[in-house]
Amino acid sequence: MATTDAEVERVRALVATVPVGRVVTYGDIAAAAGLSTPRTVGWIMRTDSADLPWHRVIGAGGKPAAHLADRQLRLLAAEGVPIRDGRVDLRAARFPLP
C-alpha cells in the first residue's frame, strides 16, 4: 500500500512538535498518525525529514539507527537528552504525543 501525501504530512507535523531535549519512537509517531506500522515512519523520515528534528525520533528500545548512531546521539546529548550505554533513557526523555 502506498503512503499518501496526507500521511507524510501527518508524520512531518508530529515530528515537528517534539521539543528540544525530548524524543519519540517510530511507533509513537505511527500510532499518533494512524499508521499501521512504524516502518512507514522510518521510510518517511529517510526520504523527507531534512528540515525536521529527525534526530529526536528513535527506535523503541531507545537505540538510534545504526548508520546514524554517532551523529544522532551527539545531537541528542547536546540537547540534554539522557543517554546510557548508547541508548536514550526513554523513561526520562520520551515526549507524549497527542
Side-chain angles (χ1 to χ4, degrees):
M1 186 167 91
T3 303
T4 67
D5 289 345
E7 290 169 335
V8 170
E9 289 310 311
R10 278 199 307 271
V11 167
R12 288 179 51 76
L14 287 164
V15 172
T17 69
V18 182
V20 171
R22 303 298 293 274
V23 298
V24 293
T25 67
Y26 293 100
D28 294 340
I29 295 284
L35 300 174
S36 61
T37 176
R39 289 179 184 264
T40 302
V41 176
W43 178 85
I44 292 167
M45 295 300 295
R46 192 169 50 253
T47 59
D48 191 19
S49 68
D51 61 335
L52 295 173
W54 61 267
H55 60 286
R56 297 180 190 145
V57 182
I58 60 171
K63 289 191 82 169
H67 66 288
L68 298 170
D70 290 339
R71 183 172 176 213
Q72 191 169 17
L73 290 175
R74 191 169 51 252
L75 290 167
L76 291 172
E79 292 184 358
V81 172
I83 298 166
R84 292 184 187 86
D85 299 322
R87 290 180 188 263
V88 170
D89 180 348
L90 288 174
R91 287 185 180 174
R94 195 175 217 159
F95 179 69
L97 291 170

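For the atom pair Trp54 CH2 and Leu75 CG, the distance stands at 5.5 Å (nearest 0.5 Å). A distance of 13.0 Å separates CG in Leu90 from NZ in Lys63, rounded to the nearest 0.5 Å. Here the straight-line distance linking atom CD1 of Ile58 with atom CD1 of Ile83 works out to 9.0 Å at 0.5 Å rounding.
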Query raised in the report: Can you check side-chain contact (heavy atoms from CB on, under 4.5 Å) on Arg56 and Val81, steps first, answer last?
Result: CA-CA 9 Å; Arg56 297 180 190 145; Val81 172; over 6 Å; no

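Test Val15, Leu14, Val8 against Arg12 for side chain to side chain contact (heavy atoms under 4.5 Å, CB included) and you get one pass: Val8. Of the candidates Arg71, Glu79, Arg74, His55 forms a side chain to side chain donor-acceptor pair (under 3.5 Å) with just one, namely Glu79.
Contact record, Gln72 with Val57: NE2-O, 2.9 Å, taken as the closest heavy-atom pair.
Cluster membership for Leu68 and Met45, using ILVMFWY side-chain heavy atoms within less than 4.5 angstrom, is shared. One hydrophobic cluster, built from ILVMFWY side chains closer than 4.5 Å, holds both Ile44 and Val24. Ile29 and Val20 are assigned to two separate hydrophobic clusters, defined by single-linkage of ILVMFWY side chains at heavy-atom distances under 4.5 Å.
Counting heavy-atom neighbours within 6.0 Å of Asp51 CG, excluding the residue itself, gives a total above 12.
By the 4.5 Å heavy-atom criterion applied to side chains, Phe95 and Thr17 are counted as neighbours.
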